[in-house]
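Beneath this line is the structure, given in structure tokens, with notes to follow.
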Amino acid sequence: LAASAQETPPKPDLITIAGYGPGSSTFITVGGWTEGVQKRFGTKLRMNAMGSGKARMAAIRGGAVDTAVNGYDVLFAQEGMYGYSAPEWGPQSMRLVYQCEVAHHTSLLISQSAWEDGVKTAADLKGRKIGVTPGIPDIEIQAEGTLAFADLTWDDVEVIDSGSYGALRQMLLDGSVDAAFISSISKEALQMEASPRGVHFVPLPHDDTEGWERFLQKNPMRWPALATAGAGASEDNPLETSKEPWPLLASYDELDEAK
């Protein structure tokens, strides 16, 4: 009887995930999970692409999906911060299912036109156009941390709102913004790396201790790291930047134990 009580729940046939859209690094990552999980456990993963972290969190809360791939929104929802501080949200009973640290990085990418115009460091962002996406506060926090690294604030730059994360990436390609926070394995970053003009991310030198103190005050979820993969980084030419656990697969505590 004791052994029977400890039996593993049956594996589900399907797990649904709220995720990022095609072209994003997370979309690619979940594609790898899907193949691996189905081969090993026979369980299918189906991802529903959604445009913002809050939309993904709302999909879990409403029962439209079992779990979601997200970033800072998991912390924000758990703590009732930013868009989750409203009465209809408040602190949520989140459960972290999985997290990983990858070799590639997600950093502030400089547009090719801005690079050619002299933007090389965080300090050079003063007076420049910084792209953000409404509904994705972590992009703003990442950018704010990079500005703080050079002792800059939002008052020192021009903030440009994009309609979506995909639109933000496109704005970097066409030079509508001078810099924005995106993944180094997004198709746009890789496209820029393959072009004659190259790809350039804002470095965060690890020996700048005062810069890092300011950065971490704005963005405490990250830490100094050497990126060795992704656009603009390699084992032979690592990039001094920051990293975080990414992506985070989260759900609510009432999810069916079998899943």
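Just so it is clear, the structure is predicted and the values come from calculations on it, not from any experiment.
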What are the two closest heavy atoms between [X] and [Y], and how far apart are they?
{"X": "Gly21", "Y": "Ala49", "result": "CA-CB, 3.8 Å"}
{"X": "Arg56", "Y": "Met50", "result": "NH1-O, 2.8 Å"}
{"X": "Ser113", "Y": "Gly175", "result": "OG-CA, 4.0 Å"}
{"X": "Leu168", "Y": "Ala180", "result": "CD1-CB, 3.7 Å"}
{"X": "Ala59", "Y": "Ala18", "result": "CB-CB, 4.2 Å"}
{"X": "Ala233", "Y": "Ala227", "result": "CB-O, 3.3 Å"}

Taking atom [atom1] of [X] and atom [atom2] of [Y], what is their separation to the nearest 0.5 Å?
{"X": "Leu152", "Y": "Thr146", "atom1": "CG", "atom2": "OG1", "value": "10.5 Å"}
{"X": "Ser183", "Y": "Leu190", "atom1": "OG", "atom2": "CG", "value": "8.0 Å"}
{"X": "Asp178", "Y": "Leu125", "atom1": "CG", "atom2": "CG", "value": "8.0 Å"}
{"X": "Glu158", "Y": "Ile130", "atom1": "CD", "atom2": "CD1", "value": "9.5 Å"}
{"X": "Glu140", "Y": "Leu147", "atom1": "CD", "atom2": "CG", "value": "11.5 Å"}
{"X": "Met81", "Y": "Asp73", "atom1": "CE", "atom2": "CG", "value": "11.0 Å"}

Does [X] belong to the same Ile/Leu/Val/Met/Phe/Trp/Tyr cluster as [Y], with side-chain heavy atoms less than 4.5 Å apart forming each link?
{"X": "Phe149", "Y": "Val157", "value": "no"}
{"X": "Val119", "Y": "Leu172", "value": "yes"}
{"X": "Ile110", "Y": "Met171", "value": "yes"}
{"X": "Leu45", "Y": "Val65", "value": "no"}
{"X": "Val202", "Y": "Leu216", "value": "no"}

Go through the structure and list residues passing salt bridge (charged side-chain N to carboxylate O under 4.0 Å, His left out) with Glu188, not counting sequence neighbours.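 Glu188 satisfies salt bridge (charged side-chain N to carboxylate O under 4.0 Å, His left out) with Arg169 only.
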Checking Asp253 now: which residues fulfil salt bridge (charged side-chain N to carboxylate O under 4.0 Å, His left out) with it, not counting sequence neighbours?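 For Asp253 the salt bridge (charged side-chain N to carboxylate O under 4.0 Å, His left out) partners, ignoring immediate neighbours, are Arg95.
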Indicate yes or no for a side-chain donor-acceptor contact from [X] to the backbone of [Y] under 3.5 Å, with no hydrogens or angles considered.
{"X": "Lys243", "Y": "Pro224", "answer": "no"}
{"X": "Gln112", "Y": "Leu173", "answer": "no"}
{"X": "Thr133", "Y": "Ser162", "answer": "no"}
{"X": "Thr16", "Y": "Arg46", "answer": "no"}
{"X": "Lys11", "Y": "Gly42", "answer": "no"}

Results of ring-ring contact (aromatic ring centres under 6.0 Å, His included) for Phe215 - residues two or more places apart only: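 Phe215: ring-ring contact (aromatic ring centres under 6.0 Å, His included) contacts with Trp212.
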A side-chain contact here means heavy atoms from C-beta on lying under 4.5 Å apart; do [X] and [Y] qualify?
{"X": "Phe41", "Y": "Ile15", "result": "no"}
{"X": "Ile17", "Y": "Thr67", "result": "yes"}
{"X": "Thr34", "Y": "Met47", "result": "no"}
{"X": "Arg128", "Y": "Asp117", "result": "yes"}
{"X": "Val30", "Y": "Leu249", "result": "no"}
{"X": "Leu109", "Y": "Met192", "result": "yes"}
{"X": "Leu226", "Y": "Glu240", "result": "yes"}
{"X": "Arg61", "Y": "Gln92", "result": "yes"}

Holding to side chain to side chain donor-acceptor pair (under 3.5 Å), I want the full list of residues that pass it with Ser176, two or more places apart in sequence or in another chain.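 Side chain to side chain donor-acceptor pair (under 3.5 Å) check on Ser176 returns Asp174.
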Among pairs that include at least one residue of residues 156-197, which meet ring pair (Phe, Tyr, Trp, His ring centres under 6.0 Å), considering only residues two or more places apart or in two chains?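 Of all non-adjacent pairs touching residues 156-197, none passes ring pair (Phe, Tyr, Trp, His ring centres under 6.0 Å).
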What ring pair (Phe, Tyr, Trp, His ring centres under 6.0 Å) pairs are there with at least one residue in residues 76-100, not counting sequence neighbours?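 Matches after skipping sequence neighbours: Trp33-Tyr98, Tyr72-Phe76, Phe76-Tyr82, Tyr84-Trp89.
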With side-chain contact (heavy atoms from CB on, under 4.5 Å) as the criterion, how do Val132 and Asp161 come out once you've worked through the C-alpha distance, each side chain's angles and the decisive distance to 0.1 Å? CA-CA 5 Å; Val132 298; Asp161 287 342; 3.0 Å; yes
Count the heavy atoms belonging to other residues, nucleotides or ligands that lie under 6.0 Å from CD of Gln38, then report whether that count exceeds 12.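 Atom CD in Gln38 is crowded, with more than 12 foreign heavy atoms closer than 6.0 Å.
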Are there over 12 heavy-atom neighbours, none belonging to Lys44, within less than 6.0 Å of that residue's NZ?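 Counting other residues, nucleotides and ligands, NZ of Lys44 stays at 12 neighbours or fewer.
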How about Asn219 and Gln142: does a side-chain donor come under 3.5 Å of a side-chain acceptor?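 Looking only at side-chain atoms, Gln142 and Asn219 do form a donor-acceptor pair, the distance falling under 3.5 Å.
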